[in-house]
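Here the structure is laid out as structure tokens; the discussion comes afterwards.
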Amino acid sequence: MKASQLFYPTLREVPSEAEIVSHQLLLRAGFIRKTTAGVYTYLPLAQRVLKKITDIVREEMNRAGGQEIMMPIIQPRELWEKSGRWSLYGEEMFKLNDRHQREFALGPTHEELITTLVDSDVHSYKGLPLLLYQIQNKYRDEIRPRFGLMRGREFIMKDLYSFDIDYEGLDESYQKMHHAYQRIYERLELDYRVVQADSGAIGGNESHEFMVLAETGESEIVYCSLCDYAANVEKAVCLAEENPPARKEYKSLTKVHTPGQKTIKDIVGFLDIPEQQQIKTLMYMKDDELIAAIVRGDRDLNEIKLKNLIGGNQLFMADEATVKSICGAGFGSLGPVGMKVKIYIDLEVAQMRNFACGANEDDYHYTNVNIGRDFAPFAVVDIRNAVEGDRCPCCEGSLKTIRGIEVGHIFKLGTRYSEALEATFLDSHGQEKPLVMGCYGIGISRTMAAAVEQNSDENGILWPLPIAPFQVIIVPVNIKNQEQKDLAESIYNELTAKGIEVLLDDRDERAGVKFKDADLIGIPLRITIGPKSLQENKIEMKKRWEKENTLVDISAVTKTVLDIVLE
RNA sequence: CGGGAUGUAGCGCAGUUUGGUAGCGCGUCUGGUUCGGGACCAGAAGGCCGCAGGUUCAAAUCCUGUCAUCCCGACCA
């Protein structure tokens, strides 16, 4: 490709709307342009990168036995009513009506559609297992689209769905996908980690996330410094302290007047009691029942763990009026002593002695509260967020935290959808059974952004070779010089003939401009043709991730490039 | 959905306080000189000042509404 023909409008300045590196660089380097909030046009360079990513994904899906299909983006409401997700997904779905006022949604995902498809055309265990996938645009009307391609409202996803006759089959399919995913991220040359994850609203029991490591990642991951345990903080298991500090004596319960003191920090200052010696009482509505959840003053409650533990359809924070009417005090003055509702306390809290909390009376707190003597918890459970330094749940190591971008997520769905949608098959005994399903997603467009997020410097992007839009860029310092021009073209032709993807910067621009653009768009290998080295019959070769040039004999250029690209 | 901010040329911004014929830098086009890390000189094009109302002799500027974009939050009391 000749640069003079390529549409890649680069920008000198950073568009003001872009906050994170990947967004800024993809805009500046002419890869994407915004159409509206969370919706982007992919320009030629991005399209090339996306194609490379999807090619790798496709190859690995096919290798694992997947078959590619294409499904509609427009999906009828009835399908979503059947699975119960029309209201569950709610505002997250783009909805539209046709001229007859029939209702549709733009597919945020395709479980409903594919389950229905497989149900209507697979009737026997003989047709199973079946692995089908699609690579398409999906739509989610995010509360707040942000960070460019990271959290868009329209995005490209690969989703594979597995259908098996039983849970053993599902385990096998799941393992296949797990391996395929590892191969994919290794081939993409991204620094990633597999973590245990919560399966969230999609349902199912086992689940792993594939995280590209990056400071700006939206997810926090904990991992063990000794073994290979790694989990999303949402999921990470917290253990009770094995050797709790020597049990102090119970001091007597004291009620203290604390006018206007509401937060944990207020009490630290007012009563001189450290956060770790206080407890935090959070009130939730589990469907129609008010409950209390308690963690140590310096900890964060993990709502997902709480929800998973106590069940119920919906769990949300109670509003202050409700709390006041039942507990007698507003937020900031709550505590378990004398509280009438079910109280769930964190494992860690169970080991505390003589702590402080609200007295269920505005402007009063208790100090020297003790479990058993002063109140009785309904259950002692793991409901806090893991933090750095916690003990590993699998070994003696301690946990560390790191941030990552979720680029892949695999779930064991089981029969959640096949039962709701009555998708069954006949087994070898002629018994009708629900299909056992798994679902395996990769955010393709997000992976592109994550690659940039992880690989850039002050001059621009550093694409990993396997997904770079071009592998080599040739920069003749002065295109008007016939000797440089001829040599550039002959190297270009030779490399192209060998199947290398080459961008020839044949623009009549100053050398500096061409170097800047080459760095910005992030081509891994640069060949510079200029008078300095031409005298010696050499060209300069520079790897994007290295500082220095190396001189290469003109006769050896092709071989040198092939060695690097094919390594 | 709550809070905050911003909409002025393709991009980045000033001008708004104190109303008086719309500016700067980059980019773009023409000509020339240049030519190894975003050149220089000369010239030029390009704006319904987000949109709609209102106040005024006069509105980018004041008022009302509306739309859009971005940031923070939307559980940690």
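All chains are named by letter (A, B, ...) in the order of the sequence lines, taking the proteins before the strands, and each is independently numbered beginning at 1.
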Query raised in the report: Taking atom P in both B:G65 and B:A5, what distance in whole Å separates the two?
Result: 16 Å
**Report entry** Nearest-nucleotide pick for A:I143, side chain only, options being B:G12, B:C1, B:C76
**Finding:** B:C1
**Report entry** Length of the NZ-P vector between A:K280 and B:C76, whole Å
**Finding:** 9 Å
**Report entry** Residue whose closest nucleotide on RNA chain B lies nearer the 5' end, A:A18 versus A:G297
**Finding:** A:A18
Requested in this report: Decide if atom CD of A:E215 counts as having more than 12 heavy atoms of other residues, nucleotides or ligands within a radius under 6.0 Å.
Outcome: no
**Report entry** Value in whole Å for how far the C1' atom of B:G36 lies from NZ of A:K485
**Finding:** 20 Å
Query - A:R296 with A:E275: basic N within carboxylate O range, under 4.0 Å - result: no
Query raised in the report: For A:S16 and B:C13, is the shortest distance between a side-chain N/O and OP1 or OP2 below 4.0 Å?
Result: yes
Query raised in the report: Just checking, is any N or O donor in the side chain of A:T263 or A:D266 under 3.5 Å from an acceptor N or O on the other one?
Result: yes
Query - Whole-angstrom distance between B:U64 and B:U17, as gauged at atom P - result: 15 Å
Report task. Answer yes or no: is there an ion pair linking A:K532 with A:E540, defined by an N-O contact shorter than 4.0 Å? Result -> no
**Report entry** Closest to the A:F331 side chain, choosing from B:C70, B:C35, B:A77
**Finding:** B:A77
Report task. May I have the distance from A:K307 (atom NZ) to B:C76 (atom P), rounded to whole angstrom? Result -> 19 Å
Query raised in the report: Any donor and acceptor pair, going by atom type alone, linking the side chain of A:Y492 with main-chain N or O of A:M1 inside 3.5 Å?
Result: yes
Query raised in the report: By a strict heavy-atom criterion of less than 4.0 Å, which residues belonging to residues 265-273 of chain A are in contact with RNA chain B?
Result: none
Query raised in the report: B:C1 pairs with which nucleotide, Watson-Crick or G-U wobble, both distances below 3.5 Å?
Result: B:G73
Would you be so kind as to tabulate the donor-acceptor pairs closer than 3.5 Å made by side chains of residues 333-344 of chain A, with sequence neighbours excluded?
none

Report task. Provide the distance between the two P atoms, one in B:U6 and one in B:U21, to the nearest whole Å. Result -> 25 Å
Query raised in the report: At under 4.0 Å between heavy atoms, what does A:E540 touch on the DNA or RNA strands: base, sugar-phosphate, or nothing?
Result: base
Query raised in the report: Side chains of A:S219 and A:E406: is there a donor and an acceptor less than 3.5 Å apart?
Result: no
Query raised in the report: Who is the Watson-Crick or G-U wobble partner of B:G36, with both distances under 3.5 Å?
Result: none
Query raised in the report: Taking the side chain of A:K532 as heavy atoms from C-beta outward, which of B:U69, B:G73, B:G36 is closest to it?
Result: B:G36
Query - Test salt bridge (Lys or Arg N to Asp or Glu O under 4.0 Å) applied to A:K547 - qualifying residues, sequence neighbours left out - result: none
Query raised in the report: Taking NZ from A:K286 and C1' from B:C75, how many angstroms apart are they, rounded to a whole number?
Result: 18 Å
Query raised in the report: Of all the nucleotides listed (B:C11, B:A77, B:C70), which has the minimum atom distance to the side chain of A:A37?
Result: B:C70
Query raised in the report: Using a cut-off of 4.0 Å between protein heavy atoms and nucleotide atoms, how would you tag nucleotides 37-45 of chain B 5' to 3' with B, S and -?
Result: BBB------
Query raised in the report: Can you name the salt bridge (Lys or Arg N to Asp or Glu O under 4.0 Å) partners of A:E103, sequence neighbours left out?
Result: A:R77
Report task. For B:G3 versus B:A60, give the span between their C1' atoms, rounded off to a whole number of Å. Result -> 27 Å
Report task. Using the C1' atoms only, state how far B:C51 lies from B:G47, rounded to an integer number of Å. Result -> 16 Å
Query raised in the report: What distance, rounded to whole Å, do you find between the two P atoms, one in B:C24 and one in B:U66?
Result: 36 Å
Report summary line: Taking a pair to mean Watson-Crick or G-U wobble geometry with both distances below 3.5 Å, B:G47 pairs with none
Query raised in the report: How many Å lie between CD on A:E92 and P on B:C1, as a whole number?
Result: 15 Å
Query raised in the report: Taking CZ from A:R33 and C1' from B:U69, how many angstroms apart are they, rounded to a whole number?
Result: 16 Å
Requested in this report: With heavy atoms under 4.0 Å as the rule, sort A:S333 into base, sugar-phosphate or nothing.
Outcome: nothing
Report summary line: Using Watson-Crick geometry (N1-N3 plus N6-O4 or O6-N4) or G-U wobble (N1-O2, O6-N3), each under 3.5 Å, B:A22 is paired with none
Query raised in the report: What is the nucleic acid contact for A:V323, judged by heavy atoms within less than 4.0 Å: base, sugar-phosphate only, or nothing?
Result: nothing
Query raised in the report: Taking the same atom, C1', in B:C67 and in B:U33, what whole-Å distance lies between them?
Result: 50 Å
Query raised in the report: Rounding to a whole Å, what distance do you find between A:E218:CD and B:C71:C1'?
Result: 14 Å
Requested in this report: Could you measure between the two P atoms, the one in B:G43 and the one in B:C49, and give it in whole Å?
Outcome: 28 Å
Query raised in the report: Do any pairs count as a ring-ring contact (aromatic ring centres under 6.0 Å, His included) and have a residue in residues 500-556 of chain A, sequence neighbours left out, and if so which ones?
Result: none
**Report entry** Partner nucleotide of B:U30 by Watson-Crick or wobble geometry (both distances under 3.5 Å)
**Finding:** B:A42
Query raised in the report: Quick one: A:Q24 CD to B:G12 P, roughly how many Å, whole number?
Result: 12 Å
Query raised in the report: Using purine N1 to pyrimidine N3 plus N6-O4 or O6-N4 for Watson-Crick, or N1-O2 and O6-N3 for G-U wobble, each under 3.5 Å, what pairs with B:G53?
Result: B:C63
Report task. Could you tell me whether the side chains of A:N370 and A:N354 share a donor-acceptor contact shorter than 3.5 Å? Result -> yes
Query raised in the report: So, is A:K480 near the phosphate of B:C35, with a side-chain N or O under 4.0 Å from OP1 or OP2?
Result: no
Query raised in the report: Are any side-chain N or O atoms of A:E209 and backbone N or O atoms of A:V195, one a donor and one an acceptor, separated by less than 3.5 Å?
Result: no
Query raised in the report: In terms of side-chain heavy atoms of A:E13, which of B:G36, B:C26, B:U69 is nearest?
Result: B:C26
Query raised in the report: Which part of the nucleic acid does A:R299 contact within heavy-atom distance under 4.0 Å: base, sugar-phosphate only, or nothing?
Result: base
Report task. Return yes if some donor-acceptor pair links the side-chain N/O of A:K255 with the main-chain N/O of A:A359 below 3.5 Å, else return no. Result -> no
Query raised in the report: Which is true for A:P9 with a 4.0 Å heavy-atom rule: it touches a base, it touches only sugar-phosphate, or it touches nothing?
Result: nothing
